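Quick caveat: nothing in here was measured; it's all calculated off a predicted structure.
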There are 4 protein chains.
Amino acid sequence: MEATQSRWHRRKDARPAEILEAALTVFAEKGFAAARMEDISRRAGVTKGTIYLYFDSKEALFKALIRQSISPAIAGAKEQVNNFRGPAGDLLRLVLTRIGHFIATSDRVVLPKIIVAEAGNFPELARFYRNEIIAQGLGLLTGLIARGVTSGEFRAVDPGHVARISIAPLLLAAFWRTSFAQFDDEPYDHAGMIETHIDLLLAGLSAGG
Amino acid sequence: MEATQSRWHRRKDARPAEILEAALTVFAEKGFAAARMEDISRRAGVTKGTIYLYFDSKEALFKALIRQSISPAIAGAKEQVNNFRGPAGDLLRLVLTRIGHFIATSDRVVLPKIIVAEAGNFPELARFYRNEIIAQGLGLLTGLIARGVTSGEFRAVDPGHVARISIAPLLLAAFWRTSFAQFDDEPYDHAGMIETHIDLLLAGLSAGG
Amino acid sequence: MEATQSRWHRRKDARPAEILEAALTVFAEKGFAAARMEDISRRAGVTKGTIYLYFDSKEALFKALIRQSISPAIAGAKEQVNNFRGPAGDLLRLVLTRIGHFIATSDRVVLPKIIVAEAGNFPELARFYRNEIIAQGLGLLTGLIARGVTSGEFRAVDPGHVARISIAPLLLAAFWRTSFAQFDDEPYDHAGMIETHIDLLLAGLSAGG
Amino acid sequence: MEATQSRWHRRKDARPAEILEAALTVFAEKGFAAARMEDISRRAGVTKGTIYLYFDSKEALFKALIRQSISPAIAGAKEQVNNFRGPAGDLLRLVLTRIGHFIATSDRVVLPKIIVAEAGNFPELARFYRNEIIAQGLGLLTGLIARGVTSGEFRAVDPGHVARISIAPLLLAAFWRTSFAQFDDEPYDHAGMIETHIDLLLAGLSAGG
DNA sequence: TATGAATGAGTCTTCATTCAT
DNA sequence: TATGAATGAAGACTCATTCAT
């Protein structure tokens, strides 16, 4: 009796997260318009009506998904960057490796694809994502690289450009995993690619280059 | 254009291309599901029914769009690569600059976004794109880099990985243009970023690195 | 030159009949609503627009078809009945055999099916058919049978009822030919059935019965 | 009926039958193509969408209608025939009277018309109807008549032919009721016609004829 | 809190009809 | 007279949303 009740209660509290989890998967696979509320609800183990107890509409569900799915990773990286004492090159390697691991393993990897795909239909969401998430992430990397340039560890490059260059192969891996990986005969070695990328990047950045 | 006074244009030959052009824009902006045939037809300067004189269905229109929008750029690059005599580094710079120019100026730049967004709903199209277009493009770059490695001009890197690393910032620029550029206060200098990318990449690849 | 012109002219005169002929077939097969003007035009060897040179609309074409497709057979039968001198039984046999032959061979046999099927959508046409064609046909038979009753050759039956009974198996054959005959493993012997029908009917009608 | 105050009836069990009933009426009046789903739904007291909760498509609804509308009458007649002990003539009179009553009173009487009208558009349904329903019905009558012939009660006729002759006036009455009866100034006496038919038929069949 | 039958606005698609050629 | 590209009204069907239970 007690157990059942407590499970019931836990359930009630967990519902929104379960629904968002299901929504992430379905939106990633179908896109916003083609995703059916029925699909999401079934995947979340509830019925259609239940979703509306927690979210006002399909659009509200989508927006909640985007808004809640972001900060943690960024926050962690930010902390790592701020606390690090040592060469900028080592830190860059650390950060990129960490993001690469995230992209290789997390199911949040589908978010960039969702955002890009729906930027036209949800411009305010795209703007939010661009101005909050992307700006933060790029800002972090840009600062890191600027630090290396200032210290003379890196050549005199544009830190903003290099921030994007640094992240590009990782994002490519994310898109690949969410769009084309299903057709790979054998899984592509994203980790190896990212390692190569970091090596090349740091070699290219090194002052003596 | 001159016959605007009448509704009866009679443009059988030009119609399909006009419709595909309109479809490219609308599908890129809305995605497949959210695009309305009426929007496409209006943009093409015809009415709904006219599209169906040339394409069997919305899906057929979409597939035709993907299938016809591809080869030319690849073909041009392939020719360039095969005809080039000189250092692999120079050729790599040439090819990437060329693709960068294409991405900065062509309206075909939206295609990758469309494909990625609809990979879940049109897997056979994603497979086709992956196996034909992407495989060709990556193959071209991979061969080019392998040539540089073999000749000793480049360090001993995995050419497949480096091919992806080379193209990643360009694709990132394409996604940015089609998704977030509308929110830039001032246009981002993609060309400068790409130049920086090429410089870093070649520096990183150079045997002495 | 001359031949071509004359053929052209003959063509022009023949168009309406050709179109009606095609319409008869298509309407019979598909029904009014499911019949496409394009199908009719193609079968008639012209294009869609041409039909509208001769008929105002699909509905006008349909009505013209019904109205022109009727009288000849009835007129012939009427003449036969009026000119016949001899026992009513012989005449009845003659008339039913003649109609049976018509049903077995003419492509006009599809008309009853068309009328019955579209009675709900074209009530004024159904009324016209009922009041003109059917009334005439039944009137002819009714008179014939009444003659036999009056003369004492037939038993005292209701001539109106017997008129319908006489014609029923022939109509059944018509419906069968236009709806189910395509599924017969071997063609059903409608002629034999009609002969049996006439024999039974006359035996039943004969005064001594 | 009592819960008319609300739109939310919740009648899952009754719905399919209600919809089929409405479909029978509308399809009979308009034919398949001209029948609008909205008409059917309105007549069933629901909205368009509700039909699709129970039937996949207009075509599926139509087919379900045909397939479920059939056996009962046949089954009843079959039982009657098999259980009867007595002269074949009496049994024939009984069966035809029974079918005549059905035709005069049941709203299922429209089915033959629907089938005949749509045989061209739904050949597999026409084949099904022909091979199952009609074959059974004719088989029943054929057997009955053959029994009478064998016993010497009837003349040596072809039982298959006579089965069709027996049923023809009844079908004619069915077609009349569903197509032309609306234009009758006074209702035609189908029952009297059928009685006359039976009398004539049995008189014609009687061995001494 | 959860259900799922019912709703109805929104879209794709068809095809009778028009009219410049 | 004949063509057939183009039109646009009409109708099948989907699915986000509601609400009685």
Side-chain angles (χ1 to χ4, degrees), chain A residues 8-9 11-13 15 33-41 45-61, chain B residues 3 5-15 33-41 45-61, chain C residues 8-9 11-13 15 33-41 45-61, chain D residues 3 5-15 33-41 45-61:
Chain A
W8 180 264
H9 278 269
R11 192 112 237 207
K12 176 176 137 190
D13 294 345
R15 279 277 188 268
R36 289 157 68 247
M37 292 296 267
E38 175 106 38
D39 293 341
I40 297 173
S41 62
V46 297
T47 57
K48 272 182 301 177
T50 302
I51 298 184
Y52 288 88
L53 297 175
Y54 300 99
F55 301 94
D56 283 344
S57 66
K58 187 183 181 184
E59 191 168 328
L61 172 61
Chain B
Q5 61 271 25
S6 111
R7 307 183 311 183
W8 304 91
H9 280 227
R10 197 71 79 96
R11 320 230 0 235
K12 196 184 181 187
D13 294 344
R15 283 282 185 254
R36 288 159 62 243
M37 291 298 267
E38 177 122 35
D39 292 342
I40 296 173
S41 62
V46 297
T47 56
K48 271 178 304 175
T50 301
I51 299 183
Y52 290 90
L53 296 177
Y54 301 98
F55 301 95
D56 283 345
S57 65
K58 188 182 181 182
E59 190 168 327
L61 173 60
Chain C
W8 181 264
H9 278 269
R11 192 113 236 206
K12 178 175 135 191
D13 294 344
R15 279 277 188 269
R36 290 157 68 247
M37 291 296 266
E38 175 106 37
D39 293 342
I40 296 173
S41 62
V46 296
T47 58
K48 272 184 300 177
T50 302
I51 299 183
Y52 288 88
L53 297 174
Y54 300 99
F55 301 94
D56 283 346
S57 65
K58 188 183 181 183
E59 190 168 328
L61 172 61
Chain D
Q5 60 271 26
S6 110
R7 305 184 311 182
W8 305 91
H9 280 224
R10 199 70 81 96
R11 323 231 355 237
K12 198 183 179 185
D13 294 344
R15 283 284 184 252
R36 287 159 63 244
M37 291 298 267
E38 178 122 33
D39 292 342
I40 296 173
S41 62
V46 296
T47 56
K48 270 178 306 175
T50 300
I51 298 184
Y52 290 90
L53 296 177
Y54 301 98
F55 301 93
D56 283 345
S57 65
K58 187 183 181 181
E59 191 167 327
L61 172 61

(request) Please tell me which of the listed nucleotides, dG8(F), dC13(F), dT17(F), lies nearest to the side chain of Met37(D)? (result) dC13(F)
(message) As a check on the pairing definition, encode DNA chain F in dot-bracket form, counting Watson-Crick and G-U wobble pairs whose two distances are under 3.5 Å, and using | for partners outside this strand.
(response) .||||||||||||||||||||
(message) Can you tell me which nucleotide in dT3(E), dC12(E), dG4(F) comes closest to the side chain of Leu53(A)?
(response) dT3(E)
(request) Check step by step if side chain to side chain contact (heavy atoms under 4.5 Å, CB included) holds for Leu53(D) and Arg15(D). (result) CA-CA 10 Å; Leu53(D) 296 177; Arg15(D) 283 284 184 252; over 6 Å; no
(request) Rounded off to whole Å, could you give me the NZ-to-P distance for the Lys58(D) and dT14(F) pair? (result) 14 Å
(request) Please report, rounded to the nearest Å, how far the P atom of dG4(F) is from the CD atom of Glu38(C). (result) 10 Å
(request) Indicate whether OP1 or OP2 belonging to dG8(F) is found under 4.0 Å from a side-chain N or O atom of Lys48(B). (result) no
(request) Would you mind telling me which of dT17(F), dT13(E), dT14(F) lies closest to the side-chain atoms of Tyr52(A)? (result) dT17(F)
(message) Can you give me the closest heavy-atom contact between Ala33(B) and Ala34(A), atom names plus distance?
(response) CB-N, 3.9 Å
(message) Of the listed nucleotides (dT7(F), dG11(F), dA2(E)), which one gets closest to any side-chain atom of Arg36(D)?
(response) dG11(F)
(request) Find which nucleotide of DNA chain F each of Gly49(B) and Gly49(A) is nearest to by heavy atoms, and output the residue with the more 5' nucleotide. (result) Gly49(B)
(request) Nearest-nucleotide wise, let me know which of Asp56(B) and Thr50(A) is further upstream toward the 5' end of DNA chain E. (result) Thr50(A)
(request) State whether Tyr54(D) places a side-chain N or O below 4.0 Å from either non-bridging phosphate oxygen (OP1 or OP2) of dA6(E). (result) yes
(request) Specify the separation, in whole Å, of atom CG of Leu61(C) and atom C1' of dA16(E). (result) 12 Å
(request) Report which part of the nucleic acid Ala33(B) touches: base, sugar-phosphate, or nothing (heavy-atom distance under 4.0 Å, all strands). (result) nothing
(message) Could you tell me how far apart Ile51(A) (CD1) and dT1(E) (P) are, to the nearest whole angstrom?
(response) 16 Å
(request) Measure the distance from CZ on Arg15(B) to C1' on dT7(F) and round it to the nearest whole Å. (result) 11 Å
(message) Listing request: all side chain to side chain donor-acceptor pair (under 3.5 Å) pairs with a residue in residues 45-56 of chain D, at least two apart in sequence or in separate chains.
(response) none
(request) Could you check whether Ala34(A) gets within reach of a base, just the sugar-phosphate, or nothing at all, counting any heavy atom under 4.0 Å? (result) nothing
(message) Rounding to an integer number of Å, can you tell me how far Phe55(C) CZ sits from dT18(E) P?
(response) 16 Å
(request) Would you classify Ala60(C) as touching base, sugar-phosphate or nothing, given that sugar-phosphate means primed atoms plus P, OP1 and OP2, and contacts are heavy atoms under 4.0 Å? (result) nothing
